[in-house]
K.L.:
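First the structure, which I've put down as structure tokens, then a few questions once you've had a look.
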Amino acid sequence: MTYRIAPSILSANFARLGEEVDNVLKSGADIVHFDVMDNHYVPNLTIGPLVCEALRKHGVTAPIDVHLMVKPVDRIVPDFARAGATYITFHPEASEHIDRSIALIREAGCKPGLVFNPATPLDVLEWTLDKIDMVLLMSVNPGFGGQKFIPHVLDKARQVRRMIDARKLDVSLEIDGGVGPANIREVAQAGVDTFVAGSAVFGAGKDGDPQRYNSIIAALRAELAKA
Ligand code: DX5
Ligand code: ZN
């Protein structure tokens, strides 16, 4: 299994975002997790396509994993595609027509994914799993960084891993919320391959040190090596 670490820039210093993203990628992160919140689907407001485009113009070439916590979904999809998104994931309950939203993301040239909140059932995967590139399981309720990992999501991860493997699909299984060196190994053992970590990564090290993220990324990788 190839493991990928996806720092969530929600916990980065927004006043120095380009530099923060450069530093975390230089330290060995694989993907940029980009949390989009609209103060409607979730009670918080963050960043949109302009910031995604700014990161591309800044020179970021790593995949950008856009996690839409917005309702409605479809209106904003083409904007993120133009802004350079790689993945676009959305919450099924935020879209009136899930299959259409998936197709829209694909037609726009991005990789679609579905996101499940801790209490959201997985039933829509029955008819969508072969059309998406990523399943994102929320291990906290969406809206804020720095929350505590909800352990029952490990059972959900095992269930999704079984579905992906049974159908022999090339779909990534990502987890988001409360992940750090203390639990990443257990999460990997449940079948997850892509790990979002916000506060654990961006809270590490000393402000102003460009290598401040080296040791946290190395610590996460060391735990993954034991999985
Ligand atoms: C929460 C976001 C997460 C968040 C994770 O709604 O989707 O990506 O940044 O933050 P941590 O890793 O601090 O739980
Ligand atoms: Zn997220």
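Whatever order the structure lists ligands and atoms in, that order sets their numbers, starting from 1.
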K.L.:
Are Glu19 and Asn13 close enough that a side-chain donor and a side-chain acceptor fall under 3.5 Å?
P.N.:
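Distance-only check fails for Glu19 and Asn13.
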
K.L.:
Within this structure, what is the CG-CG distance for the pair Leu136 and Asp176, rounded to the nearest 0.5 Å?
P.N.:
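Reported to 0.5 Å precision, the distance equals 5.0 Å.
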
K.L.:
For ligand 1, is there an atom lying under 4.0 Å from some heavy atom of Phe149?
P.N.:
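The answer is no, since Phe149 has no heavy atom less than 4.0 Å from ligand 1.
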
K.L.:
So is Gly198 polar-close to ligand 1, meaning N/O to N/O under 3.5 Å?
P.N.:
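Yes; the residue has a nitrogen or oxygen that sits under 3.5 Å from a nitrogen or oxygen of the ligand.
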
K.L.:
Look up atom CZ in Phe144 and atom CG in Asp35, then write down how far apart they are to the nearest 0.5 Å.
P.N.:
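That separation rounds to 12.0 Å.
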
K.L.:
Check contact between Ala200 and ligand 1, using heavy atoms of the residue and a distance below 4.0 angstrom.
P.N.:
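Not so, Ala200 does not reach ligand 1.
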
K.L.:
Among protein heavy atoms, which lies nearest atom 14 (O) of ligand 1, and at what distance?
P.N.:
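Here the nearest protein heavy atom works out to Gly178 N, 2.8 Å.
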
K.L.:
With respect to Val196, determine whether any N or O atom, backbone or side chain, lies less than 3.5 Å from an N or O atom of ligand 1.
P.N.:
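Between Val196 and ligand 1, no N or O pair is found under 3.5 Å apart.
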
K.L.:
What residue and heavy atom of the protein are closest to atom 3 (C) of ligand 1, and at what distance?
P.N.:
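Of the protein heavy atoms, Asp176 OD1, 2.9 Å lies nearest.
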
K.L.:
Please determine if Gly143 has a nitrogen or oxygen closer than 3.5 Å to a nitrogen or oxygen of ligand 1.
P.N.:
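Min N/O separation from ligand 1 is below 3.5 Å for Gly143.
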
K.L.:
Using the Zn ion (ligand 2) as the apex, give the angle to atoms OD2 (Asp176) and OD1 (Asp35), rounded to 10 degrees.
P.N.:
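Result: 170°, to 10°.
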
K.L.:
Pairs of nitrogen or oxygen atoms closer than 3.5 Å, one from Asn141 and one from ligand 1: do any exist?
P.N.:
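No; the residue has no nitrogen or oxygen that sits under 3.5 Å from a nitrogen or oxygen of the ligand.
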
K.L.:
Taking 4.0 Å as the limit for heavy-atom contacts, which would you say applies to Ser199 with ligand 1: side chain only, backbone only, both, or neither?
P.N.:
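For Ser199, backbone and side-chain atoms both sit under 4.0 Å from ligand 1.
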
K.L.:
Tell me if the CD atom of Gln211 is crowded by more than 12 foreign heavy atoms within 6.0 Å.
P.N.:
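Open.
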
K.L.:
Does atom NZ (Lys226) have a neighbourhood of more than 12 heavy atoms from anything else shown, all under 6.0 Å?
P.N.:
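Result for NZ/Lys226: enclosed.
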
K.L.:
Check this for me: Arg100, atom CZ, are more than 12 non-hydrogen atoms of other residues, nucleotides or ligands nearer than 6.0 Å?
P.N.:
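No, because the 6.0 Å sphere around CZ of Arg100 holds 12 heavy atoms or fewer from other groups.
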
K.L.:
Looking only at the aromatic ring of each residue, does the gap between the centers of His91 and Tyr41 stay below 6.0 angstrom?
P.N.:
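Yes - the distance between ring centres of Tyr41 and His91 falls below the 6.0 Å cut-off.
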
K.L.:
Backbone or side chain, does any N or O of Gly146 fall under 3.5 Å from an N or O of ligand 1?
P.N.:
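Yes; the residue has a nitrogen or oxygen that sits under 3.5 Å from a nitrogen or oxygen of the ligand.
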
K.L.:
If you measure from atom 10 (O) of ligand 1 to every heavy atom of Gly145, Ser11, Ala12, Ser139, which option wins on shortest distance?
P.N.:
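The option holding the nearest heavy atom is Gly145.
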
K.L.:
What is the minimum heavy-atom distance between Asp65 and His33, and which atoms define it?
P.N.:
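Looks like OD2-ND1, 2.7 Å.
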
K.L.:
What atom name does the N, O or S atom of His67 nearest to the Zn ion (ligand 2) carry?
P.N.:
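Among the N, O or S atoms of His67, the one closest to the Zn ion (ligand 2) is ND1.
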
